[in-house]
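Input: a single structure, listed below in structure tokens.
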2 protein chains.
Amino acid sequence: MLHVAEAARVSVATVSALINGTATVSPELSQRIEQAIRDIGYKRNAIARSLKMGTTRTIGLTVPHITNPFFTDVVSVIQQAFDRAGYAVMLCCTDEDLNTQDDQIRLLLDRMVDGLIVARVGDGAILKGIVESANVPVVLLDRVCEGVDTDTVVLDNQRAVFDAITYLIDLGHRRIGYITGTFDISPMHDRMAGYREALQAAGLPVENELVRFGNFHEVDGYNATMQLLSLHDRPSAIFSANNPMVIGTMKAIRDIGLSCPQDISVACFDDFPWSDVFQPQLTTVSQPVQAIGEQTANLLLDRLAGNRDAPPRKLTLKGRLMIRNSCRPLGAVAQSVSA
Amino acid sequence: MLHVAEAARVSVATVSALINGTATVSPELSQRIEQAIRDIGYKRNAIARSLKMGTTRTIGLTVPHITNPFFTDVVSVIQQAFDRAGYAVMLCCTDEDLNTQDDQIRLLLDRMVDGLIVARVGDGAILKGIVESANVPVVLLDRVCEGVDTDTVVLDNQRAVFDAITYLIDLGHRRIGYITGTFDISPMHDRMAGYREALQAAGLPVENELVRFGNFHEVDGYNATMQLLSLHDRPSAIFSANNPMVIGTMKAIRDIGLSCPQDISVACFDDFPWSDVFQPQLTTVSQPVQAIGEQTANLLLDRLAGNRDAPPRKLTLKGRLMIRNSCRPLGAVAQSVSA
DNA sequence: AAAGGGCGGTGAAACGTTTCGAAAAATGAC
DNA sequence: GTCATTTTTCGAAACGTTTCACCGCCCTTT
């Protein structure tokens with residue numbers, strides 16, 4: 001900018017005024033400056049600007065895994081929204097690891113991001129500390145966090161799983177295997193509650209042997225399914241609480257020589273783009289990813305626009321059960337249901 | 001830092017020296033400073049540091065679509081690699097749009113990223129200009145760019161498609177439909193060349209009506225397939241040059257009342273994590289995403305480590321044909337091939 | 001003709017670091 | 001005890017912006 005000012009024989013203040021439109025600059029000078037900018041190929045240094053202005057027009061976004069299609073889609077929507085608003089997005093993947101998450105959030109805050117969207121991982125205590133000491137707005141995505149009172153966008157997980165399990169019960173299933181991630185994140189907790197609630201509403205027992213834990217990955221779904229299928233009295237249906245794990249479930253069913261839905265019914269959380277093309281077409285709980293991404297972005301953009309003091313807003317969206325052909329009616333009930 | 005210096009009764013220079021370890025600081029002062037840092041909760045301002053140092057420890061990464069599983073995986077690997085090296089990653093999705101790409105690259109350069117990884121889109125001319133005027137290292141990912149002489153990581157696309165088409169020919173297919181994206185990016189060009197080469201090697205004609213263009217999206221694959229299937233003499237196999245489009249192909253086949261592989265064989269570029277679990281199990285060209293991501297990251301990290309003057313390096317990796325059950329042997333040849 | 005009011009332009013301070021040369025202190029050699 | 005040498009500490013400039021107070025100038029108005 002100094003060079004531009006010299007070339008145009010004006011002061012840097014005038015160049016700044018013209019570039020930012022913060023003051024009127026006479027036509028002659030404007031022209032000289034614009035010419036100089038072109039000649040020199042001047043680009044404003046956003047770092048220096050950020051230092052002075054205290055704003056980077058960058059937000060931080062942390063998700064557990066970008067390869068989980070749910071997060072992929074949400075990240076994509078969020079990225080687009082901030083792109084439109086002239087913000088850059090720094091993406092971090094925490095790999096469901098608490099320390100990684102802490103490091104990355106600190107990294108983002110050091111870089112003075114203007115806002116933070118986090119699909120948190122692990123215990124809320126540390127996150128709470130970090131979030132409170134930083135004075136940037138934070139939006140929690142997909143996962144609420146006890147004690148952290150800030151804008152949040154989540155799904156009504158309990159209801160969604162309740163509907164899915166109730167559907168299986170209506171089909172005649174009585175022993176329904178359930179594969180969950182660890183309970184330290186709210187969706188897993190709430191989804192489990194939906195499972196419980198549905199069984200209890202139907203007067204069925206909640207049997208511990210039918211509930212298996214995994215660490216969100218395909219291999220965990222595989223192992224959990226193997227365990228479920230080798231039970232003495234094996235379940236007739238399996239619900240997987242997330243998307244990567246259900247791939248493992250399908251592989252385990254295949255490897256053990258069974259087939260879905262003939263021998264075992266399968267449903268899961270999170271829809272896939274290809275779920276109604278390949279066989280079996282999985283029955284899933286579909287999250288409104290577009291809406292989730294947009295609402296999340298809007299909450300943060302609203303804070304960034306200056307609305308700092310409004311009380312925390314919590315948005316709860318509804319999932320939708322996508323019924324396909326991976327669950328079959330069982331026994332006598334079959335007729336009445338499929339009719 | 002000023003506050004820390006005052007609280008510890010030292011100069012800011014000493015604080016800086018201690019934090020960065022750039023000079024030895026006596027034990028007493030060290031202790032006073034560390035205490036002050038804790039008391040105040042001081043965090044170094046990375047923006048001010050960047051301004052002074054001329055380095056942001058941030059890289060920019062632009063890809064066409066993050067929802068394309070190939071890019072999702074590669075982005076994930078790259079993100080991890082830079083995370084380990086202490087760099088942040090700014091992610092941009094260009095949506096296969098040239099103007100968006102230009103804007104985003106400019107945005108990234110304004111923010112003084114230390115390096116750039118771009119899976120380019122559209123014509124290379126503008127990119128070339130941008131890349132040359134910026135003095136940051138650039139690595140081209142997945143797509144070479146005429147006239148831009150810089151580090152590049154690509155697949156041997158022609159060979160990979162040659163192998164795939166040859167496989168179909170060996171199965172007895174003679175009329176093989178081919179769905180491609182636009183030729184302004186090198187992979188589409190090279191893959192088409194592989195298709196041509198395979199047909200010619202087998203003495204088969206390259207028929208224009210069997211080649212359809214799409215814009216990389218599912219809907220394009222759907223439309224292209226619809227056209228292919230309504231040809232008077234319809235193809236017995238279809239190869240889709242990217243991953244999202246093959247979903248459209250499968251939907252079109254279903255909607256038209258045909259089934260794969262009984263009525264029509266299908267193969268495509270890019271593997272899916274679930275491709276060997278659901279039916280039909282697609283025969284695909286699998287890219288070594290882990291290697292691609294790592295090599296790309298390594299090339300850039302090497303430049304960032306100071307190796308600026310080495311001549312441009314071009315890495316070409318090999319794809320692998322994953323033969324599954326979505327392509328069936330045709331006619332008399334079937335016996336000899338499957339034997 | 002003098003005073004008041006816009007308007008266009010500018011100099012310089014500030015943002016929070018790093019770094020360099022110099023000052024100050026400590027150490028060692030005689 | 002003095003001088004030379006090494007070690008530790010510091011002041012101040014610099015990075016590239018924005019912004020604020022101020023200064024002329026010209027146009028009105030009285």
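The chains referred to below are lettered A, B, ... by the order of the sequence lines, with proteins before strands, and numbering in each begins at 1.
Shown for residues 9-16 of chain A: residues whose heavy atoms fall under 4.0 angstrom of DNA chain D, namely Ala13(A), Ser16(A). Residues from residues 48-56 of chain B placing a heavy atom under 4.0 Å of any atom in DNA chain D, listed by number, are Leu51(B), Lys52(B). Within residues 31-44 of chain A, the residues approaching DNA chain D are Tyr42(A), Lys43(A), Arg44(A), by heavy-atom distance under 4.0 Å.
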Give the table of side-chain donor-acceptor pairs shorter than 3.5 Å for residues 83-94 of chain B, with sequence neighbours excluded, one pair per line with atom names and distance.
from     : atom 1 : to        : atom 2 : distance (Å)
Asp83(B) : OD1    : Gln104(A) : NE2    : 3.2
Asp83(B) : OD2    : Gln104(A) : NE2    : 3.2
Thr94(B) : OG1    : Val63(B)  : O      : 3.4

Indicate every side-chain donor-acceptor pair of residues 144-154 of chain B with a distance under 3.5 Å to a residue at least two apart or in another chain.
from      : atom 1 : to        : atom 2 : distance (Å)
Thr150(B) : OG1    : Val138(B) : O      : 2.5
Asp151(B) : OD1    : Arg303(B) : NH2    : 2.8
Asp151(B) : OD1    : Arg313(B) : N      : 2.8
Asp151(B) : OD2    : Arg303(B) : NE     : 2.8
Asp151(B) : OD2    : Arg303(B) : NH2    : 3.4
Asp151(B) : OD2    : Arg313(B) : NH2    : 2.9
Thr152(B) : OG1    : Thr150(B) : O      : 2.8

Could you pull out all donor-acceptor pairs under 3.5 Å where a side-chain atom in residues 9-16 of chain A meets a protein atom, sequence neighbours excluded?
from     : atom 1 : to       : atom 2 : distance (Å)
Ser11(A) : OG     : Ala13(A) : N      : 3.3
Ser11(A) : OG     : Thr14(A) : N      : 3.3
Ser11(A) : OG     : Thr14(A) : OG1    : 3.2
Ser16(A) : OG     : Asn20(A) : ND2    : 3.3

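Side-chain contact between Ile47(B) and Ile47(A) is present, with at least one heavy-atom pair separated by less than 4.5 Å. The shortest distance between side-chain heavy atoms of Leu155(B) and Phe70(B) does not fall below 4.5 Å. With a 4.5 Å cut-off on side-chain heavy atoms, Leu61(B) and Gln79(B) do not count as touching. Asp142(A) is listed as a side-chain neighbour of Gln287(A), based on a closest heavy-atom distance under 4.5 Å. Within the 4.5 Å cutoff, the side chain of Leu116(A) has heavy atoms near those of the Ile105(A) side chain. Contact of the Arg143(A) side chain with the Val121(A) side chain is registered, since non-hydrogen atoms from C-beta on lie closer than 4.5 Å.
Taking the side-chain contact (heavy atoms from CB on, under 4.5 Å) definition, one finds that Gln290(A) meets it with Val77(A), Glu294(A), sequence neighbours left out. Partners of Asp184(A) according to the side-chain hydrogen bond (donor to acceptor under 3.5 Å, both in side chains) rule, which considers only residues two or more places apart in sequence or in another chain, are Thr182(A). Residues satisfying the side-chain contact (heavy atoms from CB on, under 4.5 Å) criterion with Glu132(B), sequence neighbours excluded, are Lys128(B).
Taking the 5' to 3' direction, DNA chain C first and last meets chain B under 4.0 angstrom from a heavy atom at dG16(C) to dT19(C).
Among the atoms of the strands shown, only primed sugar atoms or phosphate atoms (P, OP1, OP2) are found under 4.0 Å from some heavy atom of Leu29(B).
With no hydrogens or angles considered, no side-chain donor-acceptor pair links Thr58(A) and Arg111(A) at under 3.5 Å.
Taking the C1' atoms of five terminal pairs at each end of the helix from dA1(C)-dT30(D) to dC30(C)-dG1(D), the two resulting helix axes are inclined by 50°, rounded to 10°.
For residues 35-57 of chain B, no residue pair satisfies the salt bridge (Lys or Arg N to Asp or Glu O under 4.0 Å) rule, not counting sequence neighbours.
The number of heavy-atom neighbours closer than 6.0 Å to CD of Gln35(B), taken from other residues, nucleotides and ligands shown, is above 12.
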